[in-house]
There are 2 protein chains.
Amino acid sequence: MTTDTTTAEPERTRAPNIRDVARVAGVSYQTVSRVLNDSPNIRPETLARVRAAIDELGYRPNQAARALVTSRSRTIGVLASQTVHYGPATSIQAIETAAREAGYRLSITNISSSEYASIKSGLDYLMSQSVEALIVIAPQVRVFEAITDLQVGVPYVTLESTGSDAKHSLWVDQVTGARMATRHLIDLGHEEIMHISGPQDWIEAEARMQGFLRELDDADLRTRAPILGDWTAHFGYYAGLELLRYRDFTAVFCGNDQMALGFIHACRESGLDVPGDISVVGFDDIPEAAHFAPPLTTVRQNFAEIGRRSIELLLGELRGDTDLSHEPVRPELIVRHSTAARRS
Amino acid sequence: MTTDTTTAEPERTRAPNIRDVARVAGVSYQTVSRVLNDSPNIRPETLARVRAAIDELGYRPNQAARALVTSRSRTIGVLASQTVHYGPATSIQAIETAAREAGYRLSITNISSSEYASIKSGLDYLMSQSVEALIVIAPQVRVFEAITDLQVGVPYVTLESTGSDAKHSLWVDQVTGARMATRHLIDLGHEEIMHISGPQDWIEAEARMQGFLRELDDADLRTRAPILGDWTAHFGYYAGLELLRYRDFTAVFCGNDQMALGFIHACRESGLDVPGDISVVGFDDIPEAAHFAPPLTTVRQNFAEIGRRSIELLLGELRGDTDLSHEPVRPELIVRHSTAARRS
DNA sequence: GCGCGCGATGTGTACGTTCACATTGCGCTG
DNA sequence: CAGCGCAATGTGAACGTACACATCGCGCGC
């Protein structure tokens, strides 16, 4: 800070407050406050004078003071576990935009593991910032538990879960999505279908698995124990290498696109053709999926839509709206070239 | 639990404050404040009593009040433009973790375009929350300008830029990374090398392009005008289809892994083999790159490292440390199977 | 035995804002 | 022309915390 002395730094003066603005505008501080809060019943002339004073001083309202007196933090907390992934990241971006437009800011925190302690500490951190509402994008198996334990007295929604708690969940219908994917494979004549699932403690992984199993069941096909993966391409690859040693199946439904990518890699290395020898379906439709080799058949989820809707829902609840029914978002099957009719 | 029983059921409305805690603990509110701020010179016994009272009441310090009186928001602002991308997302996650550990929270905002107005409004939004420091992860061409215009009087760093302003930048040495990639292709005997670059207004795209051009120049090879892309796999694909109609090159250096993926897709569709006919190098080393077909040769950047270091740097500056020299982070060439010696 | 220093604790006040209520001015009605 | 209502503005409190300073008690050196 000591380097630049070209401009005569006006002393480290404190930021202007409404009283300073009032003095310049020749009104009382309360009038300034009214201008800031868009109160009606202000003479246009006074309004202009105050506005001018604000600009002149470069005044910015002090959010802390505002929060203190109104006891409204104007902050929405986001508890996430994998902000790096395409799905959560997309939702969060939509959430941020929607929140900002509504005059709210976001406080995001990542949990390091799905341990109860970790969830609780994340939640605790958010509560200590007195968030007005909560959005959870994380493995939810224990989140509801933690929310109850901590007595978070604020509206909340969980994303990407099933509708286990309809009032507080907002979700793409994972079960239907998984059924669509599975149905697609069945329609192509496949009878021996594997499923590489997401981690057991992710409710959405669980939901996709359920959809898969139910659809097989409805078609009277043999169901087999899904492999529990970790969402990564690496897992898909190594699981693929292992599974392909037996090769007692002709199609695979992967819990997400990354694992599908890894699995296809394993097929290639094992000298098998996709979709010639084995059909593969993913889930999510990340932007890259269209350019995989071959382009991936997958189930598209509208992550941004979910993000927007979650804010809508929470703000409604904060406003006191009661009728907050919400439909699950419908997923969409995108058929590309990683699936083909079973060779007879 | 039942200290003063005379009062009726305390109204549920107000959260407990330090005075409530003090009353329960039988000390003054100032002592409670001391406990909260880890002040020395507190009798162990008193400390225990206060701690007990805090637990009993479920007391949480009011951050707004704290911020008001200390005029420290304990918030670091992040201006981002593409939080969905792997690189920024990874950095941000690291930043969040490091910040939280240091007792800071994050306020993240996305800019919708690289227009000056958009940058300025994003910056303005962050400043209105009186952030104590600023991290910029965005096309910086106009960011410095905006920062100057708005007179943000806080420490800041920009990520993923070149070292155009060494004091305020933290970056993976993109130029060196690009040179490594290009050198690798040259070493394999390629002489006609294309470059598909990132958007022109991203400084890091510019830096990679510079590295590419310089390395070619040093090797006395023909340089050709890079294609300006938009980071997406889609662009890589369509650019590839176009470029391959002429096919007057044997290798391509792509500005990121996604564009490389798209380009390889185009090669496949054009009946060309990678790396047999054409070698492809990416940049970033996203986790999926190892499973592309073929697995992608690319330049790895340690995004998390950058995130951590940025917080370190800013906190140092806030603490008043002067000696804040920082080295650029070295990238690393990861050779996989998308590159091969030029066929003679 | 007295004051001194220091550890431990208490008291007053300011931070910048909004809310509840008070006050002014003015046109209108009866 | 008194009084009423309403628009426009002003005044006095909070909100919950940290900082500066004041106070208390006690062991110690002289």
Side-chain angles (χ1 to χ4, degrees), chain A residues 12-51 53-54 57-75 103 105 127-132, chain B residues 10-51 53-54 57-75 103 105 127-132:
Chain A
R12 190 92 171 102
T13 181
R14 77 181 206 310
N17 59 26
I18 48 170
R19 291 189 145 91
D20 298 324
V21 174
R23 203 173 314 116
V24 171
V27 295
S28 78
Y29 58 84
Q30 173 61 357
T31 301
V32 178
S33 174
R34 288 198 178 92
V35 170
L36 294 174
N37 294 287
D38 298 314
S39 149
N41 306 336
I42 302 187
R43 214 154 27 113
E45 187 199 314
T46 335
L47 186 70
R49 275 220 313 284
V50 173
R51 289 249 169 84
I54 288 175
L57 296 176
Y59 165 81
R60 281 220 181 81
N62 181 317
Q63 303 287 356
R66 198 172 254 186
L68 176 60
V69 71
T70 57
S71 56
R72 300 191 52 193
S73 64
R74 289 268 172 191
T75 300
R105 49 179 172 278
M127 293 314 294
S128 80
Q129 297 178 39
S130 45
V131 297
E132 293 182 36
Chain B
E11 56 258 52
R12 213 72 177 111
T13 54
R14 197 175 107 277
N17 59 26
I18 47 170
R19 291 191 145 88
D20 297 324
V21 174
R23 201 174 317 117
V24 171
V27 296
S28 77
Y29 58 83
Q30 172 60 359
T31 302
V32 177
S33 174
R34 288 197 178 92
V35 170
L36 295 174
N37 294 287
D38 298 315
S39 149
N41 306 336
I42 301 188
R43 211 152 31 110
E45 187 200 314
T46 334
L47 186 70
R49 274 221 312 285
V50 173
R51 289 249 169 85
I54 288 175
L57 296 177
Y59 165 80
R60 282 219 180 80
N62 181 317
Q63 303 287 356
R66 199 172 255 189
L68 176 61
V69 71
T70 56
S71 55
R72 300 192 52 193
S73 64
R74 289 267 173 193
T75 301
R105 50 178 173 278
M127 293 315 294
S128 80
Q129 298 178 39
S130 47
V131 296
E132 293 183 34

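Residue numbers start from 1 in every chain, and the chains themselves are labelled A, B, ... in the order their sequence lines are given, proteins ahead of strands.
Considering only residues two or more places apart in sequence or on other chains, A/N17 meets the side-chain contact (heavy atoms from CB on, under 4.5 Å) condition with A/R14, A/R19, A/D20.
The CG atom of A/N62 sits 13 Å away from the C1' atom of C/dT18 (whole-angstrom rounding). Here the P atom of nucleotide C/dT17 and the CD1 atom of A/I18 are 5 Å apart, to the nearest Å. Distance B/Q63 CD to D/dT17 C1': 11 Å, rounded to the nearest Å. Regarding A/R43, its CZ atom lies at a distance of 12 Å from the C1' atom of C/dC26, rounded to whole Å. The interatomic distance linking A/L68 (CG) with D/dA13 (P) rounds to 18 Å, in whole Å. Atom P of nucleotide D/dG25 and atom CG of B/N41 are separated by 18 Å, given to the nearest angstrom. One can place CG of A/D20 at 8 Å from P of C/dG16, the figure rounded to the nearest angstrom. Separating the CG atom of B/L57 from the C1' atom of D/dG16 is a distance of 15 Å, rounded to the nearest angstrom.
Heavy-atom minimum distance, A/L68 versus B/A64: N-CB, 3.9 Å. Minimum interatomic distance between A/A53 and A/A25 (heavy atoms only, all atoms of both residues): CB-CB, 3.8 Å. The two residues B/P16 and B/Y59 have their closest heavy-atom pair at O-CD1, 3.3 Å.
Out of D/dG10, C/dT9, C/dT17, the shortest distance to the side chain of A/P61 is found at C/dT17.
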Verify salt bridge (charged side-chain N to carboxylate O under 4.0 Å, His left out) between A/E132 and A/R74, making sure each step is shown before the conclusion. CA-CA 7 Å; A/E132 293 182 36; A/R74 289 268 172 191; 5.2 Å; no
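Proximity of a side-chain donor or acceptor of A/T31 to a complementary backbone N or O of A/V27 within less than 3.5 Å is not detected. Side chain of B/S73 to backbone of B/S130: a donor-acceptor contact under 3.5 angstrom is found.
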Would you tabulate the nitrogen or oxygen pairs shorter than 3.5 Å linking the protein to nucleotides 19-25 of chain C?
| from | atom 1 | to | atom 2 | distance (Å) |
| --- | --- | --- | --- | --- |
| C/dC19 | N4 | A/Q30 | OE1 | 3.2 |

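Between B/T46 and C/dT9, a side-chain N or O to OP1/OP2 separation shorter than 4.0 Å is present.
Nearer to the 5' terminus of DNA chain D, by closest-nucleotide assignment, is the contact made by A/P40 (compared with the other of A/R19 and A/P40).
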